[in-house]
**Q** 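Let me begin by handing over the structure; questions about it come next.
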Amino acid sequence: YSMCAHFKKTNIIPGGFSEKVYLSEEHLKNVAHIIPENMTDEEIAFYEPLGCCVRAIKRCELPKKSKVLVIGLGSIGFLMAQGLKAFGMDVYGCDLIDDRIELANKNGIKAFNSKDLDETVKFIKSQTEDLGVDAVFMTSGADAAIEPALKTVRSGGKILIFASTPKNFGYANNEIYYRELTVLGSYSPSPKDLEDSYNLLKDGKVNVHGISTIFNIDDIQKAFDSYPQGKQLKGLANYLKKTKAKFMLVIKNTEFILNSAILANQKITTTSSSITSDYYENYSYKWQCQNGKYQGTGGCICEGCVRKS
C-alpha cells in the first residue's frame, strides 16, 4: 500500500496544515470514519500515527506472548508499545528521559532507563532466559540506538526499523548473517491498518492521554520551538471552528455532499498528518486549475487558478 505509486499520488491536498482540504472519493470510502461522541480531538489525532504502528506490528509477524523491546519512548514509541501490548505481546521499553519511562510504566509497559548499555543488556537477558528479546522495534531516531538493538535481540530474532537516523548507516552485515537476524522496515498504513487503529482508540485499548501538549493556533510557533528541546512528546494545535453547516466537496467534476444525518453534530477523521477535519462553513465554490492539476473546494496548489461560481 504505502509503496504504491497511486497511494502516494492520492494524498490529501494541499496537506495537513491547510485550513481547507480536498478529500478524494477513495479517501471517503476507505479511510474516513465517524468520530464517536465520547472521543476527543486529542485522541482521534493519533488515528494515522497509530495506524502506522499497527502496520509495523503486522509486518513483524510475531506470535502472541513474544518478548519485544521498544527502543525510544517518544510519542511513536509510546504508541508502538501499547499497540504491541494490545496485540498480545510481552512489551519492554527503554528511553533516556525519565518522564517518558514513567508514563510508559503507568500504561503497563515494562520501561526502564537505557543510559547504561551494559546494564540494559544485562536486564534484558535476565528477563529472557539469557537469550534476548524476540524482536526489537526501533522507534528512536538516534544512531547510538543501533548498538543496543543488536545486543538485546536474540539470535534468529527481528529488528523492525521505524525511524530514520542522522548518519544513515546500517546494521552490521556479519551480525545479520551469522546470527540469522531479520531486519525490516515499515513506513505507512493500509486502509485495514487504519481501521484497526480506529478500533483500538475507540475501544480504549490504546491510551493517548498524557502525550499531547495543547497549543492555541496563535501560539503554534511555541510548539515548533519546544519540540526539539525535548519539552513535549507531541504538539496539538487547537484551531478548528465547529459548525453544523454542510461541507461540500467536488470530486471528479461531481458535487458530493456528505449525508446530512452524518453532518449533524458529527466529525470525520481522515489521514494526512493526523488531521481531524471538522465541518467548516459551506464552501460551495468550485475551483478549476487551468493547468489541469487540481480541482476541489478551497483553492489550488499551483498558480493560474480561477474560481467558478
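All heavy atoms count here, side chains included; hydrogens, waters and symmetry mates do not.
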**Q** Hey, could you give me each pair passing side-chain hydrogen bond (donor to acceptor under 3.5 Å, both in side chains) that has a residue in residues 160-173? Not counting sequence neighbours.
**A** Asp143-Thr165
**Q** In the structure I gave you, are the side-chain heavy atoms of Leu79 and Ser75 within less than 4.5 Å of one another anywhere?
**A** no
**Q** Applying side-chain hydrogen bond (donor to acceptor under 3.5 Å, both in side chains), name anything that partners Lys151, two or more places apart in sequence or on another chain.
**A** Glu147
**Q** So, do Val70 and Asp95 sit near enough that their side-chain heavy atoms are less than 4.5 Å apart?
**A** no
**Q** Taking it one step at a time, do Val133 and Gln127 satisfy side chain to side chain contact (heavy atoms under 4.5 Å, CB included)?
**A** CA-CA 9 Å; Val133 292; Gln127 301 293 304; over 6 Å; no
**Q** Filter on salt bridge (charged side-chain N to carboxylate O under 4.0 Å, His left out), then keep only pairs touching residues 64-86, sequence neighbours left out; what's left?
**A** Lys67-Asp90
**Q** Tell me every residue that passes side-chain hydrogen bond (donor to acceptor under 3.5 Å, both in side chains) with Gln82, counting only those two or more places apart in sequence or in another chain.
**A** none
**Q** Sorted by first residue and then second, give each salt bridge (charged side-chain N to carboxylate O under 4.0 Å, His left out) pair with at least one member in residues 133-142; sequence neighbours left out.
**A** Asp134-Arg154
**Q** Please tell me if the side chains of Tyr92 and Thr152 come closer than 4.5 Å, counting only heavy atoms from C-beta onward.
**A** no
**Q** What is the minimum heavy-atom distance between Pro189 and Gly51, and which atoms define it?
**A** CB-O, 3.3 Å
**Q** In this structure, which one of Ser197, Pro191, Ser190 forms a side-chain contact (heavy atoms from CB on, under 4.5 Å) with Asp193?
**A** Ser190
**Q** Would you say Glu129 has more than 12 foreign heavy atoms packed within less than 6.0 Å of its CD?
**A** no
**Q** Would you say that Thr139 contacts Phe78 through its side chain, given a criterion of any heavy-atom pair below 4.5 Å between the two side chains?
**A** no
**Q** At their closest point, which heavy atom of Gly141 faces which heavy atom of Pro166, and how far apart are they?
**A** O-CD, 3.1 Å
**Q** Counting only heavy atoms not in Phe169, do more than 12 fall under 6.0 Å of its CZ?
**A** yes
**Q** Shortest non-hydrogen contact from Ser140 to Ala163?
**A** O-CB, 3.4 Å
**Q** I want to check something: taking the side chain as every heavy atom from C-beta on, are Leu160 and Leu184 in contact at a cut-off of under 4.5 Å?
**A** yes
**Q** Can you list everything that forms a salt bridge (charged side-chain N to carboxylate O under 4.0 Å, His left out) with Glu61? Sequence neighbours excluded, please.
**A** none
**Q** With Phe112, which residues qualify under ring-ring contact (aromatic ring centres under 6.0 Å, His included), at least two apart?
**A** Phe123
**Q** Side chains of Glu43 and Lys202: does their closest heavy-atom pair fall under 4.5 Å?
**A** no
**Q** Who are the side-chain hydrogen bond (donor to acceptor under 3.5 Å, both in side chains) partners of Lys192, not counting sequence neighbours?
**A** Asp196
**Q** Distance-only criterion, 3.5 Å: show the donor-acceptor pairs between side-chain atoms of residues 114-122 and protein atoms not counting sequence neighbours.
**A**
residue, atom, partner, partner atom, Å
Asp116, OD1, Asp118, N, 3.1
Asp116, OD1, Glu119, N, 3.0
Thr120, OG1, Asp116, O, 2.9

**Q** Given the rule in the side chain to side chain contact (heavy atoms under 4.5 Å, CB included) test, do Cys52 and Phe162 qualify, once you have shown the distances and angles that lead to the verdict?
**A** CA-CA 9 Å; Cys52 294; Phe162 198 82; 3.5 Å; yes
**Q** Kindly write out the residues that satisfy side-chain hydrogen bond (donor to acceptor under 3.5 Å, both in side chains) with Asp98, not counting sequence neighbours, or none if the list is empty.
**A** Asn113
**Q** Quick one, Leu62 and Phe87 - any side-chain contact, counting heavy atoms below 4.5 Å?
**A** no
**Q** Closest heavy-atom contact between Asn107 and Leu103?
**A** ND2-O, 2.9 Å
**Q** Applying salt bridge (charged side-chain N to carboxylate O under 4.0 Å, His left out), name anything that partners Lys205, two or more places apart in sequence or on another chain.
**A** none
**Q** Describe, in one word, how the ring planes of Tyr47 and Tyr198 are oriented to each other, choosing from parallel (under 30°), tilted (30 to 60°) and perpendicular (over 60°).
**A** perpendicular
**Q** If you compare all heavy atoms of Ile71 against all heavy atoms of Ala145, which two are closest, and at what distance to 0.1 Å?
**A** CG2-CB, 3.9 Å
**Q** Quick test of your reading: applying salt bridge (charged side-chain N to carboxylate O under 4.0 Å, His left out), list the pairs with at least one residue in residues 168-180, sequence neighbours left out, ordered by first then second residue.
**A** Glu175-Arg179
**Q** In the structure I gave you, are the side-chain heavy atoms of Arg55 and Ser188 within less than 4.5 Å of one another anywhere?
**A** no
